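Computed from a predicted model, the values in this text were never measured in an experiment. To find a chain, count down the sequence lines: A is the first, B the second, and so on, and within it residues start at 1.
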Amino acid sequence: MAYWLFKSEPDDFSWDDLVAKGEVGEEWTGVRNYQARNNMRKMALGDRGFFYHSVKGLEIVGIVEICTETHPDSTADSDKWDCVDVRAVMPAETPVSLDTIKTHPDLQDMAIVKQSRLSVAPVTEVEWAVLCAMLGVEG
DNA sequence: GCCAACGTTGGC
DNA sequence: GCCAACGTTGGC
């Protein structure tokens, strides 16, 4: 299984919005960046990810699961953009802030530190384990 | 194929 | 609200 990080502005689509969608989840639409799209193309059913609030909050607030295969983005006006559906698995017991991530020695290579604009990014197994422990959740 | 101009993202 | 970083566009 692979691990990922999804960023969203809470004013646009928040963790609570995803929780409200329940087991069915929601299409992760609107990605118009090739690198982020390519990351989504590598995702598989059952992969897990972090849900991060950008702009407002600046912290990881929950765990999501990829609940569809990659499929065309229904909101795109061309056929080159794909997405997956994600559903909320569990909230973070203790959200982890960007500031904390930036100061943790094991998390310096994360895209959120090095490439802040990438909205869908891969997470390594080590990063996953470290962050799950900090979040107070079972990876 | 290069690069300047422009638009968007996201932290501060 | 500002601005740095980055990606995309389009003229040459």
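Between the A:D85 side chain and the A:C67 main chain, no donor and acceptor come within less than 3.5 Å of each other. Put simply, the side chain of A:R48 never gets that close to the backbone of A:M1: no donor and acceptor are under 3.5 Å apart.
From the 5' end on, the contacts that DNA chain B makes with chain A at under 4.0 Å to a non-hydrogen atom open and close at B:dG7 to B:dC12.
Evaluation of the side chain to side chain donor-acceptor pair (under 3.5 Å) test over residues 105-123 of chain A, restricted to residues two or more places apart or in two chains, returns A:Q35-A:Q115. Sorted by first and then second residue, the pairs that involve residues 124-139 of chain A and meet side chain to side chain donor-acceptor pair (under 3.5 Å), not counting sequence neighbours, are A:T124-A:E127. Residue pairs meeting the salt bridge (charged side-chain N to carboxylate O under 4.0 Å, His left out) criterion with at least one member in residues 10-22 of chain A, sequence neighbours excluded, are A:D11-A:K56, A:K21-A:E26.
Through chains of ILVMFWY side-chain contacts below 4.5 Å, A:I66 is grouped with A:W4, A:F6, A:F13, A:W15, A:L18, A:V19, A:W28, A:V31, A:M40, A:M43, A:F51, A:V61, A:V64, A:V84, A:V86, A:V120. Residue A:V55 belongs to no hydrophobic cluster, having no ILVMFWY side-chain heavy atom closer than 4.5 Å to its own.
A heavy-atom distance below 4.5 Å is not found between the side chains of A:V137 and A:V89. Taking the side chain as every heavy atom from C-beta outward, A:V96 and A:H104 never approach each other to under 4.5 Å.
Less than 4.0 Å separates DNA chain B from at least one heavy atom of each of the following residues of residues 103-119 of chain A: A:S116, A:R117. Less than 4.0 Å separates DNA chain C from no heavy atom of any residue of residues 4-18 of chain A. Residues from residues 48-57 of chain A lying near DNA chain B, meaning a heavy-atom separation below 4.0 Å, are A:Y52, A:S54, A:V55 in numerical order.
With sequence neighbours excluded, no residue forms a side-chain contact (heavy atoms from CB on, under 4.5 Å) with A:T94. In this structure A:K102 satisfies the salt bridge (Lys or Arg N to Asp or Glu O under 4.0 Å) test with no other residue, sequence neighbours excluded. Residues passing the side-chain hydrogen bond (donor to acceptor under 3.5 Å, both in side chains) test with A:S78: none are found, sequence neighbours excluded.
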